[in-house]
Amino acid sequence: MREGRGKLFVISGPSGAGKGTIVKRVVADRGAERTALSISATTRAPRTGEVDGESYFFLTREDFLRRVDEGGFLEHAEVYGNFYGTPRSYVEDRLDQGMDVILEIDIQGAMNVKRSCPDGVFIFIVPPSMEVLRSRLTGRGTDAQDVVELRLSKAREELTHVKDYDYCVVNGDLEEAVAETEAIFTAEHARVDEEVRKLIQENY
Ligand code: ADP
Ligand code: 5GP
């Protein structure tokens, strides 16, 4: 395994595709000392069971916008009428420590990160079909029916952005989707880049 700076993995996909489920498994399987999941800040209200500082940092609109002005976010975006942002220092510190960092963010945010961090690895998670997506969103039980409908119609548009990503994982069977995502992490660590060229030059 190579040493050095960690890699940034950006994961997007329609709400209900299974991003959260897959990411949790990847962190557990690879180990939290090697793989950090960035916790975003948001102005949306906590859902039942969500704990401040675990699911998100829940901020008022005023506090959120102050942090935007201070340059505290690597990216931020408005999604479904609420603001979401990625805390910059958390991500930079972990990458400097050699850890991989996962951002689970929406497409606008991912495209902003792509501009500032072109070395990032961009992974799109999709459900096997719209019917499955509907049943997962309903089954999750976190959103009212009108919110589910809103998320489904947004999903159709979001799926067209798959072309902007490096990888697409279809989350049908969960075990297969987790294995595929972990394989992407492994492959990206073997990629020939500037760091590997330097390593070969200095050590052999
Ligand atoms: P997202 O983070 O993309 O919004 P979640 O991870 O919350 O999606 O998943 C949505 C729902 O679908 C959850 O109830 C989750 O348990 C379920 N789910 C996720 N992946 C699968 C899968 N492969 N098979 C069946 N159910 C799944
Ligand atoms: P939810 O409210 O369901 O937790 O998330 C709604 C959407 O916001 C999801 O698509 C999620 O990926 C996205 N999101 C969560 N955190 C961030 C963030 O820090 N930045 C951006 N741009 N999107 C985020």
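Just so it is clear, the model here is predicted, and its values are computed rather than measured. Note: hydrogens, waters and symmetry copies are ignored here, and every other heavy atom, side chains too, is used. Start at 1 and go down the list; that is how both ligands and their atoms are numbered.
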Ligand 2 N/O within reach of His76 N/O, cut-off under 3.5 Å: no

Enumerate the atoms of ligand 2 whose separation from the nearest heavy atom of Gly109 is less than 4.0 angstrom. 22 (N)

Could you pull out, from Ile39, Ile11, Leu103, Asp106, the option with a heavy atom nearest to atom 13 (C) of ligand 2? Asp106

Using a strict threshold of under 4.0 Å (side-chain N to carboxylate O), is an ion pair present between Arg197 and Glu194? yes

Assigning hydrophobic clusters by single linkage (Ile, Leu, Val, Met, Phe, Trp, Tyr; side-chain heavy-atom cutoff under 4.5 Å), is Phe124 placed with Leu103? yes

Measuring from non-hydrogen atoms of Lys154 to any atom of ligand 2, is the shortest distance under 4.0 Å? no

With the threshold set at 4.0 Å, does a side-chain nitrogen-carboxylate oxygen contact exist between Lys7 and Glu195? no

Which protein non-hydrogen atom lies closest to atom 14 (N) of ligand 2, naming both residue and atom, and how far is it? Tyr84 CD2, 3.8 Å

Considering only heavy atoms, which protein residues lie less than 4.0 Å from any atom of ligand 1? Pro14, Ser15, Gly16, Ala17, Gly18, Lys19, Gly20, Thr21, Glu104, Arg136, Arg140, Asn171, Gly172, Leu174

So, for atom 9 (C) of ligand 2, does the protein have a heavy atom nearer than 4.0 Å? no

So Phe64 and Phe83, would you call those rings parallel, tilted or perpendicular, with 30° and 60° as cut-offs? parallel

Based purely on interatomic distance, does Tyr56 place a nitrogen or oxygen under 3.5 Å from a nitrogen or oxygen of ligand 2? yes

Validate the cation-pi geometry between Lys154 and Tyr80: distance from NZ or CZ to the six-membered ring centre under 6.0 Å, angle to the ring axis within 45°. yes

Donor-acceptor contacts under 3.5 Å from residues 173-186 side chains, at least two apart:
unit_1, atom_1, unit_2, atom_2, d
Asp173, OD2, Glu175, N, 3.2
Asp173, OD2, Glu176, N, 3.0
Glu175, OE1, Arg25, NH1, 3.4
Glu175, OE1, Arg25, NH2, 3.1
Glu175, OE2, Arg25, NH1, 3.0
Thr181, OG1, Ala177, O, 2.7
Thr186, OG1, Glu182, O, 3.1

Output yes when the distance from some N or O of ligand 2 to some N or O of Tyr80 is under 3.5 Å, and no in every other case. no

Salt bridge present between Asp164 and Lys114 (N-O < 4.0 angstrom): no

